Amino acid sequence: MSQITITLPDGAQRSYEAGITGGEVASDISKSLGKAALACTVNGEFRDLSRPIEADADLAIHTLKDEPQALELIRHDCAHIMARAVQEIWPDVKVTIGPVIENGWYYDFDREEPFSAEDLEVIEKKMRDIIALRDPVRTEIWDRARAVAHYEASGEPFKVELVGMIPEGEAIRMYWHGDWQDLCRGPHLAHTGQVPADAFKLMRVSGAYWRGDAKNKQLQRIYGTAWRNKQELKAYLTMLEEAAKRDHRKLGREMDLFHMQEEAPGQIFWHPNGWNIYTTLQDYMRRRQRAGGYVEVNTPQVVDRKLWEASGHWEKYQENMFIVEVDEEHAREKAINALKPMNCPCHVQIFNQGMKSYRDLPLRMAEFGSCNRYEPSGALHGIMRVRGFTQDDGHIFCREDQIEAETAEFISFLSKTYQDLGFEGFKVKFSDRPEVRAGSDEVWDKAEAALLSATRAAGIEPELNPGEGAFYGPKLEFVLTDAIGRDWQCGTHQVDFVLPERLDASYIGQDGEPHRPVMLHRATLGSFERFIGILIENHAGKFPLWLAPRQVVVATIVSDADAFAADIVAQLRAAGIRAETDSRNEKINYKVREHSVGKVPVILAVGRQEVEDGTVSMRRLGEKHSKVITVAEAVAILREEATPVDLRH
RNA sequence: GCUGCAGUAGCUCAGUGGUAGAGCGCGUCAUUGGUAAUGACGAGGUCGGGAGUUCAAUCCUCCCCUGCAGCACCA
C-alpha cells in the first residue's frame, strides 16, 4: 500500500494510505468533523465522502457551514428522497429527472392520477420518515448495458432514455439509499439523516413536458424548497410573502391604477392614476428621444395582409396575430387585414416614401407604437405580458459602417434612461448568428464585430448567447435588476439585414447608385405596460414624486381649514404639482392611513394652527414624523421634486 | 396552447341540495377629531356563462369563459 499526501484548505498536510475516503479523513481529523461532513471537494471536484482517494490530493471537507455546497447537497438529496417517497407510496409512478434549482429542487413524475395538495402532505411526511431512517447513501458505477437492462426490467422507460443520453466516456453512476435506487451524477450526502427534516417544504405541483418539449408527454412536476435550517426556510418563505406584497396586480388595484376584465383578456383599462404614470413616462421618453435625434411617427393599426406577406410576418408570425376579416356581405368587398404586431414594416413604408439620400442617414424613426399580439392564454400575466401594448419602438436606418456608432449611441441613451428611472445597473446579453440565418457570413462578421466593440467601448462586457441571434441579424438584450434582485429583460437592439431587402428599402449613395440600408430595431423600455409593471414592483408602489400619480394630498384636520386647504392645492397645481384636497368628514388618522395605503408620497395636514400660521404639516410616505413648514416652502420643495428628472437643475 | 387549482357583494373571504353571510369599502346621520381605521344605522349579490341531473342547484355532472401557479411560447 502506497502512502499519499492529503493537503487541506489551510495548507496542513496529512499522510494516508492510498484508497482512503474523504469521510475517513474527516473522521480522522476529528470525530465531530466526521459526523458533520456532508461531502468533499477533491482537486476541485465535488464528490461523495465515500469515494476513495488514490493519489496525492487537495481535499476540502464540506459541512453545513459551506453554504453553496451544503444547499446543493441538501436540495439534491431532497429530490431523491422525494422520488423515493413517491415511489414507496405509489409504486407504479415512473421517475424521470429531479434537478436542483434556485432555492430548491423539483422532480418530474409520470403518473396518471394528478397529485393533489393532500398528496403533497403525505409525501412530505414520508420524506421525514426516510430522513429519520438515516439510510446510508451508497454508489456504484455501472456499464451502460447493465443500466439499460436494469431500467428496462424495472419498467422505468424515462431512465432508459436518460442512460442513452449520457455521453460516451462519462461514468454511469447509480445511487441507493435503502432499497431505493436512482441514476445520478452525484455527489450525495453520506446518509439521508443529513437532510434537515424541518428545513424543507413541498411548494406546488404543475405540469411540465418531458425534456422541455411541448411535443412530448406532459409529466407532473413537484417543486420543493430546502435550506440548511428552519430559520433559513422561514426567511425564504417570508421573502416570498414580501415579494407578493409588491405584486403589481395587487398594487394596481390598491392604488387604483388599472383593471382588466374578461371581455378583453390581456388588455388594460387604465384608470386616471395609472394613466398618469403612463403619460408621465411617455412624456419623458418623448423628450429624451427628441433630444436624441429621433423623429417621431405614427402608423396604422389595421394593415392589409399583403404587407405582412411581404414582410414575412404572415408566414412566420401569423399564429400570434389578430386577423381582421371584413366579409363581403357587410362591406361589399372582401378584405383580410391584421392588427399590427410590430411596427417595423410600417416604418419601412415611411422610409420608402420619396427618395432617400445617404445624407439622410442615419435616420432615427421612433413611434410609441400600439401593437396587438395574440399571446398564448397561459402566457398572460397582469400588465406584464398582455395582448395589447405600446412599445417605445424605434428603427434606425443606416449604413453598415454606422452600426457601431449608432449602437454606442443607443447604449448611452438606454443607460441614462434606466438611471433616471431609478435602476442601478443592467446587464447586456449578446446573441450572435444562429444556424439558420439570412445574409452572408461577411456581413454577419461585420455586424457582430460592430455590436461587440460598441458594447465594450461603453465599458460593458456582454454575456454571450452563442447562436441565439435572430435569423435576420445579431442582437443585444438589456436586462435590468430591480430593488429585490430580480432580472427583467427590457431593452433590445437588433441588427436587421433582411427586412430592408424584403420591403425594398433603398437610398442613393455618394456614388449615385441605390444601396440597401441596414435597420436597427431598438426599444429601451420594451413596452410601457410591462415597464410600468416593473416600476410598480421595483418601487413597491412608492413611486418617486415625479412619477407618482397623486403627488400631494392636502388633508384637513378640522373643517375650518377647508378654505385654506383649497388655496394650498390651487398654489400647488399652479406650480405643476398633482395635488388634491381631502376635506372629508373624517379624522386625520383615518385620512393618513387611507392615503398611505394608497401610496400618496406627501400628505400636507392642515388644522387650526396651520391656518393661523400659514404653514402645513408635511408628512412623507412611510415616515413617522411630520415637519411644519410654510406654504411657500412646501410649494418650492415639492415643485423641485416633482419636476421630471430630465428637466431638473 | 398543456397540466393542476380557482371564480360567491367594489375588495378580502366564509357557507349550504330547499333561492346567502362577515369584515373592509359605499350611503345617511351624529361627531370637528392632530399624523396608519370615531360611532350608529342603511343600501348592495340570485353565487363567471350555458346545458344537464333533481320536486328543488350557488352547492352534483358536462361544456365554455376568465384568472392563478408551473410548463411551453416571448418572432
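For the numbers below, each heavy atom of this structure counts, side chains included, while hydrogens, waters and symmetry mates do not. By convention in this document, chain letters (A, B, ...) are assigned in the order of the sequence lines, proteins followed by strands, and residues within each chain are numbered from 1. Since the model is a prediction, treat every value here as computed from it, not as a measurement.
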Would you say [X] places a side-chain N or O within less than 4.0 Å of OP1 or OP2 belonging to [N]?
X        : N     : answer
A/Ser206 : B/G4  : no
A/Arg530 : B/C74 : no
A/His381 : B/G67 : no
A/Tyr590 : B/G25 : yes
A/Arg619 : B/A36 : yes
A/Arg111 : B/U3  : no

Worksheet item: Quick one: are A/His381 and A/His248 in side-chain contact, heavy atoms under 4.5 Å?
Response: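 Yes, close enough: below the 4.5 Å cut-off.
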
Discussion item. Counting C-beta onward and ignoring hydrogens, is there a side-chain heavy-atom pair between A/Val479 and A/Trp488 closer than 4.5 Å?
Written reply: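 The answer is no, as the side chains (C-beta and beyond) never meet within the 4.5 Å cut-off.
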
What nucleic acid atoms does [X] come within less than 4.0 Å of, heavy atoms only: base, sugar-phosphate, or nothing?
X        : result
A/Lys624 : sugar-phosphate
A/Glu610 : base
A/His595 : nothing
A/Arg253 : sugar-phosphate
A/Tyr209 : base
A/Glu319 : nothing
A/Gly312 : nothing
A/Pro376 : base
A/Arg211 : nothing
A/Arg221 : sugar-phosphate
A/Gly382 : sugar-phosphate

In whole Å, measure the gap between the [atom1] atoms of [N] and [M] for me.
N     : M     : atom1 : result
B/U12 : B/A30 : P     : 34 Å
B/U54 : B/C62 : C1'   : 16 Å
B/C65 : B/G25 : C1'   : 28 Å
B/G4  : B/C64 : P     : 13 Å
B/A69 : B/A36 : C1'   : 33 Å
B/A37 : B/G23 : C1'   : 12 Å
B/G10 : B/A56 : P     : 30 Å
B/C29 : B/G17 : C1'   : 43 Å

Nearest-neighbour nucleotide for the [X] side chain, [options] considered:
X        : options             : result
A/Arg249 : B/U32, B/C68, B/A72 : B/C68
A/Arg204 : B/U12, B/A69, B/A36 : B/A69
A/Asn589 : B/A36, B/C26, B/G1  : B/A36
A/Pro265 : B/U66, B/G33, B/A69 : B/U66
A/Leu380 : B/A36, B/G67, B/G7  : B/G67
A/Glu586 : B/G4, B/A72, B/U38  : B/U38
A/Ile557 : B/G34, B/U32, B/C73 : B/G34

Fill in: Heavy-atom donor-acceptor pair, A/Glu113 side-chain to B/G4 base, under 3.5 Å
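When only heavy-atom distances are counted, A/Glu113 does not reach the base of B/G4 through any donor-acceptor pair under 3.5 Å.
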
Given atom [atom1] of [X] and atom [atom2] of [N], what is their separation to the nearest angstrom?
X        : N     : atom1 : atom2 : answer
A/Glu262 : B/G7  : CD    : P     : 14 Å
A/Tyr223 : B/G70 : OH    : C1'   : 5 Å
A/Asp110 : B/G4  : CG    : P     : 13 Å
A/Arg385 : B/A72 : CZ    : P     : 12 Å
A/Lys587 : B/A30 : NZ    : P     : 16 Å

Discussion item. Judged by each residue's nearest nucleotide on RNA chain B, which is more toward the 5′ side, A/Glu263 or A/Tyr472?
Written reply: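 With A/Tyr472 and A/Glu263 compared, the 5'-side residue is A/Glu263.
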
Item to complete: Please check if the distance between the ring centroids of A/His347 and A/His521 is under 6.0 Å.
Response: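 No, the ring centres sit 6.0 Å or more apart.
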
Practice prompt. Give a yes or no on whether the ring-centroid distance for A/Phe200 and A/Trp227 is below 6.0 angstrom.
Written response: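 No, ring centres 6.0 Å or more apart.
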
Discussion item. Just verifying a value: how many Å separate A/Leu251 CG and A/Phe258 CZ, rounded to the nearest 0.5 Å?
Written reply: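 Those atoms lie 8.5 Å apart.
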
Item to complete: Mind checking the CZ-CE spacing from A/Arg249 to A/Met260? Nearest 0.5 Å is all I need.
Response: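 These two atoms lie 10.0 Å from each other.
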
